[in-house]
Protein chains: 2
Amino acid sequence: MKNITIKTISENTQVSLTTVSRVMNGVAEKYRISAKTAERVLKEAEKLGYIPNQSAINLRLKKSFSIGLIVPSLANPFFSTVVSIVNKTLHEKGYSLLVADSNENEQTEIDAVKHLVSRNIEGIIIIPSGRKTDHINQLIKRNLPVVFVDRYFKELPVSYVSTDHFDGAFKMVEYLISRGHKHIACIQGGRHVMSNQERVNGYKAAISKNGFGYEYVGGNSFTMEDGYLETKLLLQQREKPTAIFALSDTILLGVLKALKEDGYQVPDDISVASFDNSIYLDYLACPVTSISQPISEISQIAIRLLLDKVDYQGKDGSLSDKQEILISPSIIHRKSVKDIL
Amino acid sequence: MKNITIKTISENTQVSLTTVSRVMNGVAEKYRISAKTAERVLKEAEKLGYIPNQSAINLRLKKSFSIGLIVPSLANPFFSTVVSIVNKTLHEKGYSLLVADSNENEQTEIDAVKHLVSRNIEGIIIIPSGRKTDHINQLIKRNLPVVFVDRYFKELPVSYVSTDHFDGAFKMVEYLISRGHKHIACIQGGRHVMSNQERVNGYKAAISKNGFGYEYVGGNSFTMEDGYLETKLLLQQREKPTAIFALSDTILLGVLKALKEDGYQVPDDISVASFDNSIYLDYLACPVTSISQPISEISQIAIRLLLDKVDYQGKDGSLSDKQEILISPSIIHRKSVKDIL
DNA sequence: GTGAAAGCGCTAACAA
DNA sequence: TTGTTAGCGCTTTCAC
């Protein structure tokens with residue numbers, strides 16, 4: 001079976017390629033193509049089930065009307081929510097989305113960037129996984145609009161939108177302290193991950209501001225398994241915490257599992273708090289107090305910033321100014337923090 | 001800034017386009033291109049940061065090495081898990097994935113199909129949202145390999161892989177009955193959704209097999225909101241159920257919320273069961289007994305089936321046989337079902 | 001109102 | 001061992 005192209009339509013209708021193209025692009029009027037001709041073309045296209053070949057269009061126009069998005073893990077509900085929102089928002093604006101999963105791996109991310117660039121994307125949103133920036137610099141050199149979301153590199157000339165991770169963690173620890181907790185442990189995610197580091201810094205800053213001696217940071221991955229293992233480890237320590245701060249909800253589930261196994265009741269035996277505010281926190285054995293990330297706002301702003309650049313770029317070839325947007329998250333209070341004043 | 005193409009490299013190195021192309025494709029040896037030439041080309045490509053233009057390659061080769069995947073909602077953890085697994089598996093096999101979110105809407109799905117086809121995908125995995133099959137038939141006519149996952153149309157000549165929804169629901173209701181429940185209500189998802197209908201049928205079959213008079217099916221969307229509303233409604237009924245079967249975990253969360261608000265304890269006042277077995281079920285106030293969907297197996301088999309077709313198709317232009325694969329899910333027992341014998 | 005022809009970046013048949 | 005050239009499907013300039 002031969003491919004159906006505008007040539008097929010052209011032959012079947014005895015109308016030139018140019019005219020078919022114009023009709024299909026809805027600019028028939030502009031070129032004052034007779035209604036009769038237009039009609040004939042449209043009918044034939046319909047009959048044949050013609051679908052334009054995007055590759056050809058991209059090649060010709062050097063435009064693909066698509067945006068790339070690189071997330072560290074599609075399996076993580078936080079990121080898949082980002083994907084969902086970005087996809088929907090872009091779709092409304094007539095762009096399509098190419099998603100890539102970097103699997104929290106720098107090299108995979110670098111490959112993903114290449115892959116997306118080779119597909120002629122107009123811009124790219126990245127939640128970076130590592131510390132390398134060479135591939136980002138390549139993008140800048142290519143004049144390809146980039147925006148970071150959730151994680152970022154302050155030193156690069158690249159706009160970013162993110163939860164203020166430091167502030168979120170800081171607030172939570174201050175809150176814990178205000179409830180009388182002096183021994184607060186924290187289970188972190190990937191140590192090299194920027195958002196994680198900021199949260200840990202926020203944790204430490206609050207501890208030290210209040211002049212406490214106890215500080216404990218365990219863990220190294222945003223997974224349930226790691227949360228579980230690290231909590232088991234933590235519970236072996238001589239000096240036990242009165243509260244555990246899980247730096248993500250995935251970690252939290254592991255923490256809860258370990259606590260349950262070892263017979264700890266939340267919040268009676270130990271208090272718990274988390275970062276992410278997933279929808280199911282309300283329904284847990286003990287509903288967990290958590291930092292709510294403004295995920296939808298962040299995603300929307302990122303797109304706004306990116307598309308601004310995409311449009312602006314057309315005009316004079318340079319990028320618009322770097323924007324640094326940090327959104328302060330708030331605490332959603334539930335029942336997992338015990339008052340021990 | 002001009003685009004970097006093989007032509008740029010060709011000019012800079014005084015080597016023909018063909019040779020550059022061959023070197024870049026790693027077939028230098030086959031054409032016995034001198035190591036010196038190859039080296040020079042490679043170096044220049046590296047220096048320039050050359051990235052091949054996929055649109056041009058697609059156009060030329062009529063191959064894109066990419067597969068489309070249409071899911072009803074990226075925001076639903078079940079589907080985003082499918083995306084995650086499919087993405088990873090395809091990536092390993094050298095294919096890239098184009099994801100589309102149909103938003104549980106038939107027309108959006110039809111648009112998505114067009115969109116994917118226009119991007120020259122080699123095959124497509126669909127979790128269909130509606131009952132229309134015209135767009136699917138178009139795909140068949142185009143000889144484009146299609147596989148259904150999770151939901152399917154028995155009457156179409158299209159392979160499918162899915163949880164045996166009927167069997168899953170049937171098993172669960174039989175189990176509930178075996179624990180002494182005679183009044184079992186069910187909150188369903190989208191009524192027009194095939195997987196949902198199968199589950200409802202399974203529910204009804206088990207009820208009628210046991211000759212009970214009570215049957216209640218409420219709801220019409222796989223969302224927490226709907227689960228919540230429908231449970232509120234259900235609790236208004238004169239005849240109260242002793243057990244509620246939520247046909248998805250999203251629905252379940254709504255059910256639990258309503259139950260909690262109205263002061264019902266699970267499982268003491270009322271038993272609960274669900275479909276999906278999400279990771280967090282273990283940590284709920286009362287861990288919920290649920291049907292575990294073999295999501296990873298399903299995804300992998302689907303890819304296997306699809307790629308078989310993709311390869312096979314090259315050989316003689318027709319599709320390989322239709323496969324109908326239903327996997328029986330199992331019950332994961334937790335504590336939400338009370339024995340009322 | 002319509003059409004011819006060039007060219008986007010790439011590959012491959014054919015030539016040398 | 002390397003190069004010439006046609007052509008994938010489309011848009012657009014220029015021409016009539």
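Values reported hereafter were calculated over all heavy atoms of this structure, with side chains retained and with hydrogens, waters and symmetry mates removed. The chains referred to below are lettered A, B, ... by the order of the sequence lines, with proteins before strands, and numbering in each begins at 1.
- Between the CG atom of Asn120(A) and the C1' atom of dC8(C) there is a distance of 10 Å, given to the nearest Å.
- With sequence neighbours excluded, the residues satisfying ring-ring contact (aromatic ring centres under 6.0 Å, His included) with Tyr152(A) are Tyr160(A).
- In this entry the distance linking CD1 of Ile57(A) with P of dG7(C) reads 21 Å, nearest Å.
- Applying the salt bridge (charged side-chain N to carboxylate O under 4.0 Å, His left out) rule to Lys30(B) yields no partners; only residues at least two apart in sequence or on another chain are considered.
- Residue Asn58(A) is out of contact with every strand shown, counting any heavy-atom pair closer than 4.0 Å.
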Donor-acceptor pairs are to be reported for all side-chain atoms of residues 62-81 of chain A against protein atoms at under 3.5 Å, with residues two or more places apart or in another chain.
residue: Ser64(A); atom: OG; partner: Ser66(A); partner atom: N; Å: 3.3
residue: Ser64(A); atom: OG; partner: Ser66(A); partner atom: OG; Å: 2.8
residue: Ser64(A); atom: OG; partner: Asn120(A); partner atom: O; Å: 2.5
residue: Ser64(A); atom: OG; partner: Glu122(A); partner atom: OE1; Å: 3.2
residue: Ser73(A); atom: OG; partner: Ala75(A); partner atom: N; Å: 3.2
residue: Ser73(A); atom: OG; partner: Asn76(A); partner atom: N; Å: 3.3
residue: Asn76(A); atom: OD1; partner: Phe78(A); partner atom: N; Å: 2.9
residue: Ser80(A); atom: OG; partner: Pro77(A); partner atom: O; Å: 3.2
residue: Thr81(A); atom: OG1; partner: Pro77(A); partner atom: O; Å: 2.6

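- The distance between atom NZ of Lys7(B) and atom P of dT5(D), rounded to the nearest whole Å, is 14 Å.
- The 5' end of DNA chain D is approached more closely, in terms of each residue's nearest nucleotide, by Lys30(B) than by the other of Lys30(B) and Ser55(A).
- For the pair Ile51(A) CD1 and dC10(D) C1', the interatomic distance rounds to 16 Å; values are reported in whole Å.
- Between Ile6(A) atom CD1 and dA5(C) atom P there is a gap of 16 Å when expressed in whole angstrom units.
- The distance from atom NZ of Lys62(A) to atom P of dG7(C) is 13 Å, rounded to the nearest whole Å.
- Remark: Lys132(A) does not engage Glu109(A) in a salt bridge, criterion side-chain N to carboxylate O under 4.0 Å.
- Protein atom CD1 of Ile4(A) is 11 Å distant from nucleotide atom P of dG9(D), rounded to whole Å.
- Atom CG in Leu59(A) sits about 8 Å away from atom C1' in dC10(D), given to the nearest Å.
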Atom pairs, protein N/O to nucleotides 1-4 of chain C N/O, distance under 3.5 Å:
residue: dT2(C); atom: OP1; partner: Ser34(A); partner atom: OG; Å: 3.4
residue: dT2(C); atom: OP1; partner: Thr37(A); partner atom: OG1; Å: 2.8
residue: dT2(C); atom: OP2; partner: Ser34(A); partner atom: N; Å: 2.8
residue: dG3(C); atom: OP2; partner: Ser16(A); partner atom: N; Å: 2.8
residue: dG3(C); atom: OP2; partner: Ser16(A); partner atom: OG; Å: 3.1
residue: dG3(C); atom: OP2; partner: Thr19(A); partner atom: OG1; Å: 3.1
residue: dG3(C); atom: O6; partner: Arg22(A); partner atom: NH1; Å: 3.2
residue: dG3(C); atom: O6; partner: Arg22(A); partner atom: NH2; Å: 2.9
residue: dA4(C); atom: N7; partner: Thr18(A); partner atom: OG1; Å: 3.2
residue: dA4(C); atom: N6; partner: Thr18(A); partner atom: OG1; Å: 2.9

Please tabulate, for the side chains in residues 35-43 of chain A, all donor-acceptor contacts under 3.5 angstrom to protein atoms that are two or more places apart in sequence or on a different chain.
residue: Thr37(A); atom: OG1; partner: Ser34(A); partner atom: OG; Å: 2.6
residue: Glu39(A); atom: OE2; partner: Lys43(A); partner atom: NZ; Å: 3.4
residue: Arg40(A); atom: NH1; partner: Thr13(A); partner atom: O; Å: 2.5

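- Every ring-ring contact (aromatic ring centres under 6.0 Å, His included) that Phe153(A) has, sequence neighbours left out, goes to Phe148(A).
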